[in-house]
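Everything on this sheet refers to the single structure shown next.
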Amino acid sequence: MASLGASFVQIKFDDIHFYENCGGGSFGSVYRACWISQDKEVAVKKLLKIEKEAEILSVLSHRNIIQFYGAILEAPNYGIVTEYASGGSLYEYLSSDASKEISMRQIMTWATEMAKGMHYLHAEAPVKVIHRDLKSRNVVMTADKVLKICDFGASKFHSHTTHMSLVGTFPWMAPEVIQSLPVSETCDTYSYGVVLWEMLTREIPFKGLEGLQVAWLVVEKNERLTIPSSCPASFANLMRKCWETEPMKRPLFKEILSILEAMCNDSQLSDQCNSFLQNKAEWRREIEATLDRLKKLERDLSSKEQELKERERRLKMWEKKLIEQSNTPLLPNLAIHVWTEEHVVG
């Protein structure tokens with residue numbers, strides 16, 4: 001542990017005064033606190049143990065990445081200490097009444113800030129980092145509404161053989177992440193597209209569906225979030241690119257930044273986007289219709305699975321009965337009877 005702590009400031013547990021719990025991060029609860037000796041408001045994520053997150057954060061420095069101050073390494077009070085973003089998470093903002101006033105200008109500003117932070121992680125940081133859990137809950141807002149990417153508990157230093165354990169949250173997870181396949185940085189591109197969708201629709205991704213249901217729909221049925229038909233084409237095209245099934249077809253964040261810059265220079269897009277944002281009642285039904293279809297699709301699958309399980313159960317009971325009636329192992333001619341019974345009970 002001493003070698004791990006050598007690269008960053010070690011903060012004493014009794015130098016932190018904890019206030020309220022302000023949410024859960026990956027693998028720990030996050031608290032608003034005061035770093036007493038520095039007279040500084042901070043966020044502290046309590047952990048069961050310190051692993052890679054402190055090591056990752058200690059080498060990062062970017063306006064749109066949460067600032068790391070140090071770590072508490074006193075068992076059992078392990079913790080990560082970072083700047084406190086008083087504006088809360090992007091998820092909280094999008095769920096609030098205040099988000100009804102969101103404009104294209106604000107969306108473009110935030111989309112660009114997130115893309116800059118992610119481009120830094122992938123291409124400019126001292127060590128290339130894949131976040132692996134980018135979602136609106138892991139993007140926080142400062143008092144002056146600057147977005148910062150946080151919670152690196154699921155992150156990994158990149159290598160060419162990087163495999164994904166099943167971390168993250170299903171509605172934001174790329175298909176290859178769900179399947180625990182080898183990944184590249186474009187798994188974060190997929191997640192970014194979901195956060196962009198959240199900002200545009202102010203809806204919860206795949207609302208009402210369980211995580212494993214979402215996983216099945218995304219991987220097996222190649223389903224994606226509904227992009228309303230009235231959504232401006234440039235936004236729709238960017239989201240579709242981010243959600244490509246083939247990771248190599250998804251844009252890197254350098255390309256996303258270029259796309260966003262071109263969108264900012266489109267004189268017609270502002271009116272189109274603001275009109276879309278203000279007419280949510282008109283296109284929200286499209287999202288709800290898709291959710292209803294997906295829920296029915298999942299229910300139909302569950303029903304078929306139950307039918308198959310019941311059929312298998314009855315066959316096993318019939319086979320057991322045949323064996324009990326005979327003091328000999330199941331013979332080939334009895335197997336024929338079982339096959340016939342399958343058609344009878346099925």
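- Checked for salt-bridge contact, Lys148 and Glu83 meet the test: a charged N lies under 4.0 Å from a carboxylate O.
- Judged by distance alone, with hydrogens and angles left aside, the side-chain atoms of Asn138 form no donor-acceptor pair with the main-chain N or O of Ile149 at under 3.5 Å.
- The side-chain contact (heavy atoms from CB on, under 4.5 Å) search around Ala43 returns Val30, Thr82, Tyr84, not counting sequence neighbours.
- Ring to ring, His122 and Tyr120 are not that close: their centroids are 6.0 angstrom or more apart.
- A side-chain donor-acceptor contact under 3.5 Å links Thr169 and Lys135.
- Contacts of Thr226 classified as side-chain hydrogen bond (donor to acceptor under 3.5 Å, both in side chains), with partners at least two apart in sequence or in another chain: Thr290.
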Practice task
For Phe235 and Leu269, run side-chain contact (heavy atoms from CB on, under 4.5 Å): C-alpha distance rounded to whole Å, both residues' side-chain angles, the deciding distance at 0.1 Å, then the answer.
Solution key: CA-CA 10 Å; Phe235 280 105; Leu269 182 58; 4.2 Å; yes
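- Leu225 and Ile102 fall within the same hydrophobic cluster, where Ile, Leu, Val, Met, Phe, Trp and Tyr residues are linked whenever their side-chain heavy atoms come under 4.5 Å apart, directly or through other members.
- Closest of all the heavy-atom pairs between Val219 and Pro175 is CG2-O, 4.0 Å.
- Within the 4.5 Å cutoff, no side-chain heavy atoms of Val140 are placed close to those of Leu90.
- Ile287 has its side chain within reach of Pro228: a pair of non-hydrogen atoms, C-beta onward, lies under 4.5 Å apart.
- For Tyr192, the ring-ring contact (aromatic ring centres under 6.0 Å, His included) partners two or more places apart in sequence, or in a different chain, are Phe253.
- Side chain of Asn64 to backbone of Leu147: a donor-acceptor contact under 3.5 angstrom is found.
- Separating the CG atom in Leu238 from the CE atom in Met263 is a distance of 6.0 Å, to the nearest 0.5 Å.
- Pairs engaging residues 241-251 under the salt bridge (Lys or Arg N to Asp or Glu O under 4.0 Å) rule: Glu176-Arg250 [sequence neighbours left out].
- To the nearest 0.5 Å, atom NZ of residue Lys128 and atom OG of residue Ser184 are 7.5 Å apart.
- Remark: side-chain polar atoms of Asn274 are paired, donor with acceptor, to backbone N or O of Met104 under 3.5 angstrom.
- Here the side chains of Tyr93 and Met141 are in contact, with some heavy-atom distance below 4.5 Å.
- Between Pro171 and Pro205, the shortest heavy-atom contact is CB-CB, 3.8 Å.
- Under the 4.5 Å side-chain contact rule for hydrophobic residues, Leu200 and Leu291 share a cluster.
- Rounded to the nearest 0.5 Å, atoms NZ (Lys295) and NZ (Lys207) are 8.5 Å apart.
- Checked by atom type and distance alone, the side chain of Ser58 pairs as donor or acceptor with a backbone atom of Glu55 at under 3.5 Å.
- Remark: side-chain polar atoms of Gln213 are paired, donor with acceptor, to backbone N or O of Glu210 under 3.5 angstrom.
- The salt bridge (Lys or Arg N to Asp or Glu O under 4.0 Å) check on Lys12 picks up nothing, with sequence neighbours excluded.
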Problem - Step-by-step side-chain contact (heavy atoms from CB on, under 4.5 Å) determination, Cys150 to Ile65 - result: CA-CA 6 Å; Cys150 67; Ile65 302 294; over 6 Å; no
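- In the hydrophobic clustering of this structure, Tyr19 does not group with Tyr31; members are Ile, Leu, Val, Met, Phe, Trp, Tyr whose side-chain heavy atoms approach within less than 4.5 Å, directly or through other members.
- Judged by distance alone, with hydrogens and angles left aside, the side-chain atoms of Thr109 form a donor-acceptor pair with the main-chain N or O of Arg105 at under 3.5 Å.
- For Lys46 and Phe18, the positive end sits near the middle of the six-membered ring, less than 6.0 Å away and at most 45° from its axis.
- Remark: Arg285 CZ to Asp292 CG distance equals 13.0 Å, nearest 0.5 Å.
- Residues Ile107 and Leu277 are in side-chain contact: their nearest non-hydrogen atoms beyond the backbone lie under 4.5 Å apart.
- Among pairs with a residue in residues 193-203, those fulfilling side chain to side chain donor-acceptor pair (under 3.5 Å) read Ser136-Glu198, Trp172-Glu198, Glu203-Lys280, Glu203-Arg284, at least two apart in sequence or across chains.
- By the criterion of side-chain heavy atoms lying less than 4.5 angstrom apart, applied directly or through intervening Ile, Leu, Val, Met, Phe, Trp or Tyr residues, Leu212 is grouped together with Leu294 in one hydrophobic cluster.
- Distance check: Ile66 CD1 to Ile80 CD1 gives 12.5 Å after rounding to the nearest 0.5 Å.
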Handout entry: Trace of the side-chain contact (heavy atoms from CB on, under 4.5 Å) decision for Thr112 with Leu257
Key = CA-CA 7 Å; Thr112 300; Leu257 286 167; 4.1 Å; yes
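- The main-chain N or O of Arg137 is never found under 3.5 Å from a side-chain atom of Ser89 such that the two would form a donor-acceptor pair.
- With sequence neighbours left out, the side-chain contact (heavy atoms from CB on, under 4.5 Å) criterion links Asn77 to Phe13.
- Every residue meeting the side-chain hydrogen bond (donor to acceptor under 3.5 Å, both in side chains) condition with Ser37, not counting sequence neighbours, appears here in chain and number order: Asp15, Trp35.
- Ring to ring, Phe68 and Phe8 are close: their centroids are under 6.0 angstrom apart.
- For the residue pair Val44 and Ala33, the shortest heavy atom distance occurs at CG2-CB, 3.9 Å.
- A side-chain donor-acceptor contact under 3.5 Å links Asp188 to the backbone of His131.
- Listed for the Trp283 side chain is no donor-acceptor partner under 3.5 Å among the backbone atoms of Cys231.
- Side-chain atoms of Cys242 and Tyr190, non-hydrogen and from C-beta on, never get closer than 4.5 Å to each other.
- Each of Thr189, Val194, Val139 was compared with Leu134 under the side chain to side chain contact (heavy atoms under 4.5 Å, CB included) criterion, and only Val139 meets it.
- Arg240 pairs by the salt bridge (Lys or Arg N to Asp or Glu O under 4.0 Å) definition with nothing, not counting sequence neighbours.
- Annotation: side-chain contact (heavy atoms from CB on, under 4.5 Å) contacts of Thr245 (sequence neighbours excluded): Asn222, Arg224.
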Exercise for the section: Kindly determine whether Ser230 and Glu282 satisfy side-chain hydrogen bond (donor to acceptor under 3.5 Å, both in side chains), including the steps that lead there. Expected result: CA-CA 9 Å; Ser230 57; Glu282 295 179 10; over 6 Å; no
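- Classification of Asp151 and Lys45 as a salt-bridged pair holds, one side-chain N sitting under 4.0 Å from a carboxylate O.
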Practice task
Before giving the answer on side-chain contact (heavy atoms from CB on, under 4.5 Å), spell out for Met199 and Met114 the whole-Å C-alpha distance, their side-chain angles and the decisive distance to 0.1 Å.
Solution key: CA-CA 12 Å; Met199 289 196 293; Met114 280 191 292; 3.6 Å; yes
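- In this view, Asp144 and Thr142, Val146 satisfy the side-chain contact (heavy atoms from CB on, under 4.5 Å) rule, not counting sequence neighbours.
- For the pair Asn265 (side chain) and Glu261 (backbone), a donor-acceptor distance under 3.5 Å is present.
- The CD atom of Glu124 sits 9.5 Å away from atom NZ of Lys254, with the distance rounded to the nearest 0.5 Å.
- For the pair Tyr78/Ile72, no side-chain contact is recorded, criterion being any heavy-atom separation below 4.5 Å from C-beta on.
- Alongside Ile36, the hydrophobic cluster contains no other residue (criterion: ILVMFWY side chains under 4.5 Å).
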